[in-house]
Amino acid sequence: MSFQFGEVVDLTKITDHRGNLTFVEALTHVPFKIKRVYYLYDVPGGADRGGHAHKELQQLMIAVSGSFDVTLDDGKQKQTVHLNRPYQGLFVGQMTWREMSNFSSGSVCLVLASTEYDESDYYRDYDEFLAALSTR
Ligand code: TYD
């Protein structure tokens, strides 16, 4: 399983008159074991999230409700993806700067993560991130 930079993948959608269902299985739909799940919600209009990159962390981001934009930057290419379907996921690999913006009212950003939270895995300074990329 490999993902292109900024690729949005379609997850399975089980359509049912009682409501739809989508699932994600570790190592089948994401190329990692899921160690952590977190979600962003109650994001005020106009607020931005993200603004960091990670040395090791890989993630799948899903707009389980509403919509938002994710801008990805790996130092070579930059792409903005609009997420607005609960059956679609955006893979965010290692060493990728991400910024999330334009959250719709009531939106929820679900993140499946390959590692537990570790502040030392973060680059929170963009220039430091670029410098680290150039030494790789
Ligand atoms: P951060 O990753 O900067 O949020 P986002 O990228 O979504 O804007 O995290 C915000 C704060 O929450 C920061 O103080 C770290 C803390 N945090 C945890 O304690 N555990 C976690 O799993 C995450 C994702 C964040």
Side-chain angles (χ1 to χ4, degrees):
M1 183 192 333
S2 68
F3 292 94
Q4 301 292 321
F5 178 80
E7 182 182 352
V8 176
V9 291
D10 278 338
L11 302 163
T12 303
K13 177 180 178 183
I14 311 280
T15 307
D16 190 306
H17 67 274
R18 300 169 301 162
N20 301 329
L21 182 153
T22 290
F23 56 92
V24 181
E25 292 182 352
L27 304 178
T28 302
H29 305 106
V30 288
F32 54 81
K33 290 185 178 171
I34 298 164
K35 295 270 184 65
R36 175 168 53 117
V37 174
Y38 66 92
Y39 35 96
L40 301 172
Y41 55 97
D42 289 348
V43 179
D48 298 329
R49 302 288 316 212
H52 48 83
H54 293 265
K55 298 169 194 168
E56 297 299 330
L57 180 68
Q58 302 173 71
Q59 297 170 305
L60 190 80
M61 301 181 60
I62 302 171
V64 289
S65 186
S67 65
F68 51 87
D69 293 337
V70 187
T71 299
L72 299 181
D73 174 0
D74 67 359
K76 291 191 291 250
Q77 41 187 336
K78 194 169 177 177
Q79 189 174 326
T80 298
V81 175
H82 184 63
L83 289 180
N84 62 350
R85 303 272 185 255
Y87 54 83
Q88 291 181 331
L90 172 67
F91 179 74
V92 184
Q94 297 167 343
M95 297 303 282
T96 305
W97 192 267
R98 87 290 312 277
E99 286 169 7
M100 292 89 85
S101 59
N102 294 328
F103 285 85
S104 68
S105 174
S107 59
V108 180
C109 170
L110 177 70
V111 183
L112 310 180
S114 66
T115 68
E116 282 107 4
Y117 170 72
D118 176 7
E119 187 61 36
S120 70
D121 187 60
Y122 280 71
Y123 288 105
R124 290 194 182 272
D125 180 274
Y126 186 69
D127 290 336
E128 199 183 309
F129 162 63
L130 289 183
L133 276 177
S134 67
T135 62
R136 285 207 158 197

Roughly how far apart are L110 CG and Q59 CD, rounded to 0.5 Å?
11.0 Å
So which heavy atom on D125 is nearest to which on E128, and how close?
OD1-N, 2.9 Å
Grab the two heavy atoms, one from W97 and one from Y123, that are nearest each other, plus how far apart they are.
CZ3-O, 3.3 Å
Taking the side chain from S104 and the backbone from S67, do they hold a donor-acceptor pair closer than 3.5 Å?
yes
Check whether any side-chain heavy atom of F68 lies under 4.5 Å from a side-chain heavy atom of V43, and answer yes or no.
no
Please confirm whether the backbone N or O of T12 pairs with a side-chain atom of T22, one donor and one acceptor, at under 3.5 Å?
yes
Please name the residue in the list L11, V111, L83, V8 that meets the side-chain contact (heavy atoms from CB on, under 4.5 Å) test with I62.
L11
Side chain proximity check, V92 to M61, heavy atoms < 4.5 angstrom
yes
Should the heavy atoms of other residues, nucleotides or ligands under 6.0 Å from NZ of K78 be counted, would the total exceed 12?
no
Any chance OH of Y38 has more than 12 other-residue heavy atoms, nucleotides or ligands included, within less than 6.0 Å?
yes
Flag if over 12 foreign heavy atoms under 6.0 Å of CD, Q4:
no
Does any N or O in the side chain of N102 come within less than 3.5 Å of the main-chain N or O of D69, such that one atom is a donor and the other an acceptor?
no
In one Ile/Leu/Val/Met/Phe/Trp/Tyr side-chain cluster, 4.5 Å: M100, V108:
no
Kindly compute the distance separating CG (L72) from OG1 (T80), expressed to the nearest 0.5 Å.
8.0 Å
Testing the basics here: between K35 and S114, what is the closest heavy-atom pair and its distance to 0.1 Å?
CG-O, 3.1 Å
Partners of F3 by ring-ring contact (aromatic ring centres under 6.0 Å, His included), sequence neighbours excluded?
F91
Side-chain donor/acceptor of S107 to backbone N/O of S105, under 3.5 Å
no
V37 with V24, same ILVMFWY side-chain cluster at under 4.5 Å
yes
Which heavy atom of G106 sits nearest to which heavy atom of S65, and what is that distance?
O-OG, 3.6 Å
Examine distances only and state if a side-chain atom of R98 and a backbone atom of H52 form a donor-acceptor pair shorter than 3.5 Å.
yes
So D118 and E116, do their side chains get closer than 4.5 Å, heavy atoms only?
no
So, do F23 and I14 sit near enough that their side-chain heavy atoms are less than 4.5 Å apart?
yes
For M95 versus A132, what's the shortest heavy-atom pair and its separation?
CE-CB, 4.0 Å
Tell me every residue that passes side chain to side chain donor-acceptor pair (under 3.5 Å) with Q79, counting only those two or more places apart in sequence or in another chain.
none
Test item: Q94 side-chain N/O and E56 main-chain N/O as donor-acceptor pair under 3.5 Å
yes
Non-hydrogen atoms of V64 and P86 that approach each other most closely
O-CB, 3.8 Å
Do you reckon L60 sits in the same ILVMFWY cluster as Y41, going by side-chain contacts under 4.5 Å, direct or chained?
yes
Taking the six-membered ring for Trp, are the ring centroids of H54 and Y122 within less than 6.0 Å of each other?
yes
Is there a side-chain contact between D74 and F5, using heavy atoms and a 4.5 Å cut-off?
yes
Just wondering, more than 12 heavy atoms not from Y117 lying within 6.0 Å of its OH?
yes
Do the side chains of R85 and K13 get nearer than 4.5 Å, heavy atoms only?
no
Please output the side-chain donor-acceptor pairs of residues 26-34 that fall under 3.5 Å, not counting sequence neighbours, one pair per line with the distance.
{"from": "H29", "atom 1": "ND1", "to": "E25", "atom 2": "N", "distance (Å)": "2.9"}

